[in-house]
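Some notes on the structure that comes next.
Within every chain, numbering begins at 1; the chains are lettered A, B, ... in the order of the sequence lines, protein sequences first and strands thereafter.
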Number of protein chains: 2
Amino acid sequence: MNIGDVAQLSGLPAKTIRYYEDIGLVKPLRSANGYRSFRDCDVHKLAFLGRARALGFSIEDCRNLLKLYEDDHRTSAEVKQIAEMHLGRIDQKITELTEMRATLAHLVNACAGDNRPDCPILADLAPKQDENALLDQPG
Amino acid sequence: MNIGDVAQLSGLPAKTIRYYEDIGLVKPLRSANGYRSFRDCDVHKLAFLGRARALGFSIEDCRNLLKLYEDDHRTSAEVKQIAEMHLGRIDQKITELTEMRATLAHLVNACAGDNRPDCPILADLAPKQDENALLDQPG
DNA sequence: ATTGACCTTCCAGCAAGTGGAACCCCTATC
DNA sequence: GATAGGGGTTCCACTTGCTGGAAGGTCAAT
């Protein structure tokens, strides 16, 4: 199969598939004309990668998951560990974003959004008087 | 003030401050010896940037917010618009992550995490039979 | 004179691709 | 045979927001 067909089937852009070959995630054969020639197993791998990336796994995680996927002697504990690590990172990210969201929503709510210059958002971002005092006064 | 002091005060790494100068966010003076010389207004800007970045605003957003911050003729509507856009992006990101989290938590939960190879996580990532059928059979 | 802590510039690299240029290949049509 | 189109190929640059390191200049103290 040529790259265009694989792109259609896997939903991954051809550019991304070439990139994945570049970094060694897939190793398609080559036809006599130099075109990449994808076997079913390559297509399976790409579908796997697409799913894993959609779940937010990093490329390095994907590489390791793929290795386990193809290793008959893997243990589910190895797979679970990667997934749990990733889950932890997602939770942390969600926590960060939720905190940002709260602050920001509060500020947006407080802002009149009219044609006057006074703005609680800028007021919050600007250094406070106390902080300036630290800068302006020696000691 | 030298960059080290400003780094201490603002909490931003010196490298980051140099980078912010590079991309035109601050324009410190230079001392005779070539060292950057930061005025109070530069330090204020950097503190502003630090806060804005901590709220997740992009550098381009920061650039615009800074411009508004320094513009006496700004309107709070302009500021609010940037913040609302950003809030929207955060909400979208939270939604994505929450969906990932749900799927992933479900899979992790279903995985025994023992020394056997069977793993619902890999099973979920692997292409399904139906999908393979599309590939294996001429359509 | 020399240490050590500063500061300077520039160059490379991270994740995970994306866009574009310049070029080759294959088929179909005129 | 020429040409148009729609594939494919490589390589290089760019994205975001820094971070690390090398090679070297400056300054205060010993």
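Counting only distance, with no hydrogens or angles, the side chain of A/Ser76 and the backbone of B/Cys119 share no donor-acceptor pair below 3.5 Å. At distances below 3.5 Å, not a single donor-acceptor pair connects side-chain atoms of A/Thr16 with backbone N or O atoms of A/Leu12.
Between A/Phe57 and B/Asn2, the residue anchored nearer the 5' end of DNA chain C, judged by the nucleotide with its closest heavy atom, is B/Asn2.
Distances from the side chain of B/Asn33 to the nucleotides D/dC11, D/dT26, C/dT8 place D/dT26 closest. You'll find that the side chain of B/Ser58 is closest to D/dG17, out of C/dT18, D/dT9, D/dG17. Considering only side-chain atoms of B/Ile59, the nucleotide from D/dC18, D/dG20, D/dG8 that sits closest is D/dC18. Checked against C/dG20, C/dT9, D/dT19, the side chain of B/Thr16 finds its nearest nucleotide in D/dT19. The side chain of B/Arg30 sits closest to C/dT9 out of C/dT9, C/dG17, D/dC18. Of the candidate nucleotides C/dT9, D/dG7, D/dG21, D/dG7 has the atom lying nearest to any side-chain atom of A/Tyr35.
At whole-Å resolution of the value, OH in A/Tyr20 and C1' in C/dT18 are 13 Å apart. With rounding to whole Å, B/Arg63 atom CZ is found 10 Å from D/dG17 atom P. Rounded to whole Å, the distance from CG on B/Leu12 to P on D/dT19 is 9 Å. As rounded to whole Å, 14 Å separates atom P of D/dT10 from atom CD1 of A/Ile17. Taking atom CD of A/Glu21 as the reference point, atom P of D/dG8 lies 14 Å away to the nearest angstrom. Atom CE in B/Met1 sits roughly 16 Å away from atom C1' in C/dC7 (whole-Å rounding). If you measure from atom CD of B/Glu60 to atom P of D/dT15, you get 10 Å, rounded to the nearest angstrom. Atoms CG (B/Leu55) and P (D/dG17) sit 14 Å apart, rounded to a whole Å.
Here the options are A/Lys15, A/Lys45, A/Arg30, the test is salt bridge (Lys or Arg N to Asp or Glu O under 4.0 Å), and the partner is A/Glu21; only A/Arg30 passes. The side-chain contact (heavy atoms from CB on, under 4.5 Å) test with A/Ile59 is passed by exactly one of A/Ile23, A/Leu49, A/Asn64: A/Ile23.
An OP1 or OP2 oxygen of D/dC18 is reached within less than 4.0 angstrom by a side-chain nitrogen or oxygen of B/Arg53. Under 4.0 angstrom from either OP1 or OP2 of C/dT8 there lies at least one side-chain N or O belonging to B/Arg36. Within the structure, every side-chain polar atom (N or O) of B/Arg18 is placed at least 4.0 Å from both OP1 and OP2 of C/dT9.
Using a 4.0 Å heavy-atom criterion, one finds that A/Ile3 contacts the sugar-phosphate atoms exclusively.
Counted by atom type alone, B/Thr95 and B/Gln92 present zero donor-acceptor pairs between their side chains at under 3.5 Å.
At a cut-off of 3.5 angstrom, counting only N and O atoms as typed in the model, there is no donor on one side facing an acceptor on the other between the side-chain of B/Lys15 and the base of D/dG17.
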